[in-house]
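Comments concern the structure below.
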Amino acid sequence: MLRSFQVRVDPSGTYSFTVDVEPERGVADSGDLAVDLQELLETIGLAAREANTVIVLAVDELQEASSEDLTALNVALHNLGQDVFPVPVVFVGAGLPSLPAVLADATSYAEPLYDYRQIGLLDTAATSDALTAPAR
């Protein structure tokens, strides 16, 4: 819906143009990140289901996210997982070994929500391959 329309021209010939519209309410636009993230993931998950595919959302350095963002992520993923037939959305987060504690600080139920896998240091041969194989 158009709320206002304005054109201004000053004596030097410079003009400005302004249009103000009433935003259309839609999906994932409530302003509450937990609600919006859940709605967004559910919407793209339903589209993925219809297309017979899966959505994988991968985020690195997750331990750097704010507590509020991690709380929203935990809440959204938890709520999506409660559905009898959850949408085909997979979240993969990577971070430092402190990540499980950081997630648990955000919400008390984070520990069982995720499947934590630790990746250790590379051995000498794997380190050498990682540095030399791409150069070859």
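Please read these numbers as outputs of a predicted model, since none were measured by experiment. The chain is numbered in sequence order, starting from 1.
- Around OH of Tyr116, the count of heavy atoms belonging to other residues, nucleotides or ligands within 6.0 Å exceeds 12.
- Side-chain atoms of Thr14 never come within 3.5 Å of backbone atoms of Asp10 as a donor-acceptor pair (strictly under, hydrogens ignored).
- Sorted by first and then second residue, the pairs that involve residues 98-108 and meet side chain to side chain donor-acceptor pair (under 3.5 Å), not counting sequence neighbours, are Asn74-Thr107.
- Contact check for Ile44 versus Val87: no side-chain heavy atoms found under the 4.5 Å cut-off.
- Closest heavy-atom contact between Gly81 and Pro86: O-CG, 4.4 Å.
- Judged by distance alone, with hydrogens and angles left aside, the side-chain atoms of Asp129 form no donor-acceptor pair with the main-chain N or O of Ala133 at under 3.5 Å.
- Of all heavy-atom pairs between Leu70 and Leu103, the closest is CD2-CD2, 3.8 Å.
- Gln63 places a side-chain N or O within 3.5 Å of a backbone atom of Leu96 that can act as its donor or acceptor partner.
- Of the N and O atoms on the side chains of Ser30 and Asp32, not one donor lies less than 3.5 Å from an acceptor on the other residue.
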Could you go through the side-chain contact (heavy atoms from CB on, under 4.5 Å) check for Gln38 and Leu80 one step at a time? CA-CA 7 Å; Gln38 180 179 337; Leu80 285 175; 4.1 Å; yes
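- Atom CG of Asn52 is surrounded by 12 or fewer heavy atoms from other residues, nucleotides or ligands within 6.0 Å.
- Closest approach of Ser67 and Ala106 over heavy atoms only: O-CB, 4.0 Å.
- Residues Tyr114 and Leu99 fail the side-chain proximity criterion, which asks for heavy atoms closer than 4.5 Å.
- Residue pairs meeting the ring-ring contact (aromatic ring centres under 6.0 Å, His included) criterion with at least one partner in residues 49-89, sequence neighbours excluded, are His78-Tyr109.
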Enumerate donor-acceptor pairs with a distance under 3.5 Å from any side-chain N or O in residues 117-125 to protein atoms, sequence neighbours excluded.
residue, atom, partner, partner atom, Å
Arg117, NE, Asp115, OD1, 3.4
Arg117, NE, Asp115, OD2, 3.2
Arg117, NH2, Asp115, OD2, 2.8
Asp123, OD1, Ala125, N, 3.2
Asp123, OD1, Ala126, N, 2.7

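- Residues Thr71 and Val75 are in side-chain contact: their nearest non-hydrogen atoms beyond the backbone lie under 4.5 Å apart.
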